[in-house]
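Data first, discussion second: the structure below is written as structure tokens.
These figures come from a predicted structure and were not determined experimentally. Heads up: numbering here begins at 1 and tracks the sequence.
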Amino acid sequence: MSNINFKHDLKALEKDLGTVAKKILPKAIPQAVNRTLNSTAGAVTKFIAGETGLKNKTIKSKLIKSKASKSRFNASIDAEQGKAQNLITSVTKSQRKPGVFNRRLKNGRFKSAGVKARAWKVARVYKRSFIVNTSKGVLVATRTSDKRKPLKFLKGPSIRKEFDSSEGQKVLKANTDKRLPIEISAAVNNQLKRINRR
């Protein structure tokens with residue numbers, strides 16, 4: 001989990017703003033923190049997509065954001081639900097069905113030596129693998145021996161692993177450190193303009 005905390009000196013900010021501080025800060029700070037949260041989520045999504053080849057939509061669906069509020073000046077983003085999924089998520093959608101890759105051609109050979117997937121930004125054939133229907137849906141599997149069972153289900157990239165990596169954490173911290181001061185300043189100025197217009 002990555003936390004986005006308001007670390008500015010509140011007393012100094014309240015002193016600078018004077019009597020309007022109590023009106024402005026409860027609105028401005030959560031707004032700034034949440035905008036930073038969204039920006040940071042976008043930055044880490046781009047990073048994870050670059051490392052794994054997964055689509056942004058898939059990554060975003062696994063990121064859990066907890067927003068700041070008037071009573072809580074901090075937010076967080078977590079990828080706990082982003083564990084590695086079956087390799088089927090890295091297979092072209094139109095090919096995600098049994099028999100596509102292990103279909104026999106007229107010469108008796110198989111169409112492919114295994115399932116073709118693009119994981120970690122690399123397209124390759126996973127030899128001896130195939131697509132099978134299961135109670136959990138269509139998945140990519142391989143056999144562990146010459147027997148039909150048991151099956152071993154192949155996994156693709158892990159969103160959580162990339163999120164928790166040292167590089168992933170660097171992206172989170174760098175974006176937060178850069179955006180938060182900018183968003184604080186913008187949110188405070190925006191609230192001041194609103195007051196002055198009244």
I'd like to know if [Y] and [X] are part of one continuous hydrophobic network [Ile/Leu/Val/Met/Phe/Trp/Tyr, side-chain heavy atoms within less than 4.5 Å].
{"X": "Leu154", "Y": "Val100", "value": "yes"}
{"X": "Val91", "Y": "Leu54", "value": "no"}
{"X": "Val188", "Y": "Ile182", "value": "no"}
{"X": "Leu192", "Y": "Leu25", "value": "yes"}

Got [X] and [Y] here, is their nearest side-chain heavy-atom distance under 4.5 Å?
{"X": "Val33", "Y": "Asn74", "answer": "no"}
{"X": "Val140", "Y": "Tyr126", "answer": "no"}
{"X": "Asn38", "Y": "Lys65", "answer": "yes"}
{"X": "Leu151", "Y": "Phe130", "answer": "yes"}
{"X": "Gln169", "Y": "Phe163", "answer": "yes"}
{"X": "Phe101", "Y": "Val125", "answer": "no"}

Nearest 0.5 Å, please: how far is [atom2] in [Y] from [atom1] in [X]?
{"X": "Arg72", "Y": "Lys67", "atom1": "CZ", "atom2": "NZ", "value": "11.5 Å"}
{"X": "Arg96", "Y": "Ser90", "atom1": "CZ", "atom2": "OG", "value": "8.0 Å"}
{"X": "Leu37", "Y": "Leu63", "atom1": "CG", "atom2": "CG", "value": "10.0 Å"}
{"X": "Thr89", "Y": "Lys155", "atom1": "OG1", "atom2": "NZ", "value": "12.0 Å"}
{"X": "Lys136", "Y": "Ile88", "atom1": "NZ", "atom2": "CD1", "value": "15.0 Å"}
{"X": "Gln85", "Y": "Ile159", "atom1": "CD", "atom2": "CD1", "value": "6.0 Å"}

Exercise. Do other residues, nucleotides or ligands put more than 12 heavy atoms under 6.0 Å from the CZ atom of Arg128?
Worked result: no
Given 3.5 Å as the limit, does a donor-acceptor pair link the side chain of [X] with the main chain of [Y], or not?
{"X": "Ser185", "Y": "Pro181", "value": "no"}
{"X": "Ser165", "Y": "Glu162", "value": "yes"}
{"X": "Asp78", "Y": "Ile64", "value": "no"}
{"X": "Ser39", "Y": "Arg35", "value": "no"}
{"X": "Arg160", "Y": "Ala79", "value": "no"}
{"X": "Ser129", "Y": "Val115", "value": "yes"}

For this session: Before accepting this row, confirm whether a basic side-chain N of the pair Lys173/Asp177 lies closer than 4.0 Å to the acidic partner's carboxylate O.
Result: yes
Closest approach of [X] to [Y] (non-hydrogen atoms, all atoms of both residues):
{"X": "Val44", "Y": "Gly168", "answer": "CG2-O, 4.3 Å"}
{"X": "Asn175", "Y": "Thr40", "answer": "ND2-OG1, 2.9 Å"}
{"X": "Ala187", "Y": "Ala28", "answer": "CB-O, 3.3 Å"}
{"X": "Ala68", "Y": "Ala75", "answer": "N-CB, 3.9 Å"}
{"X": "Lys147", "Y": "Arg143", "answer": "O-CD, 3.1 Å"}
{"X": "Thr144", "Y": "Lys152", "answer": "CG2-CB, 3.8 Å"}

Exercise. Yes or no on side chain to side chain contact (heavy atoms under 4.5 Å, CB included) for Val132 and Phe153, after CA distance, side-chain angles and deciding distance?
Worked result: CA-CA 10 Å; Val132 61; Phe153 294 98; 4.1 Å; yes
